[in-house]
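Data first, discussion second: the structure below is written as structure tokens.
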Amino acid sequence: MKCMKILLVVFACISVYMITTGPGNNESAAIAQPAGVSDNDLELVTLNINGLDLLAMVHKSKQTICLYAYDMSRPDYQRFRLMATRYYGYDMLLKDYNTGPPTPDDILKILEKQLEADMNSEAGDDNK
């Protein structure tokens, strides 16, 4: 139990350090980033949803998301655990998925009409 808490605190400190120091700090990259991960390649996001602490790690070059949870209500050996891992490369190829109106195409058409109307209005102003 004590070991798990220490590991979690160390992991949290490294995560906060990486987020707060930002890219370009070679010292933070050498200390905090795993081997094979370049600057700006790993993003960390922390969330708290209904009392459940979550850590999402996004590995940009591998296009993978890992979601970890720390749940104090679980036994010591189950408190920090991997919840999900997903390769999102194929998701990024989808044009529309699980979206309702207005879809991106609907918005594009609205914007095109608005731009056309603005251009016609400006052209009319120029003729006056």
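Residue indices begin at 1 and follow the sequence shown.
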- Query: Does Asp106 use its side chain to pair, donor to acceptor, with the backbone of Thr103 at less than 3.5 Å?
  - Reply: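 Side chain of Asp106 to backbone of Thr103: a pair is present.
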
- For the side chain of Thr64 and the backbone of Lys62, is there at least one donor-acceptor N/O pair under 3.5 Å apart? yes

- Neighbour count above 12 (heavy atom, 6.0 Å) for Lys60 NZ: yes

Would you say that [X] contacts [Y] through its side chain, given a criterion of any heavy-atom pair below 4.5 Å between the two side chains?
{"X": "Tyr70", "Y": "Leu52", "value": "no"}
{"X": "Leu108", "Y": "Ile110", "value": "no"}
{"X": "His59", "Y": "Glu43", "value": "no"}

Can you name the closest pair of heavy atoms from [X] and [Y] and give their distance?
{"X": "Leu67", "Y": "Leu54", "answer": "CD1-CB, 4.1 Å"}
{"X": "Arg81", "Y": "Arg74", "answer": "NH2-NE, 2.8 Å"}
{"X": "Gln63", "Y": "Gly89", "answer": "OE1-CA, 3.1 Å"}

- Message: Please say yes or no: joined through hydrophobic side-chain contacts below 4.5 Å, possibly via intermediate residues, are Leu115 and Ile107 part of one cluster?
- Response: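 Each belongs to a different hydrophobic cluster.
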
- Message: Go through it in stages, so that I can follow the logic: the residues are Arg86 and Asp91, the test is salt bridge (Lys or Arg N to Asp or Glu O under 4.0 Å), and I'd like the CA-CA distance, side-chain angles, deciding distance and then a yes or no.
- Response: CA-CA 10 Å; Arg86 182 178 179 105; Asp91 296 354; 2.8 Å; yes

- Should the pair Tyr68 and Phe80 be assigned to parallel (<30°), tilted (30 to 60°) or perpendicular (>60°) ring geometry?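 Parallel: the ring planes of Tyr68 and Phe80 meet at under 30°.
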
- Are Asp71 and Arg79 close enough, and set up right, to give a side-chain contact (heavy atoms from CB on, under 4.5 Å), and what steps lead you there? CA-CA 5 Å; Asp71 187 353; Arg79 287 187 180 167; 5.7 Å; no

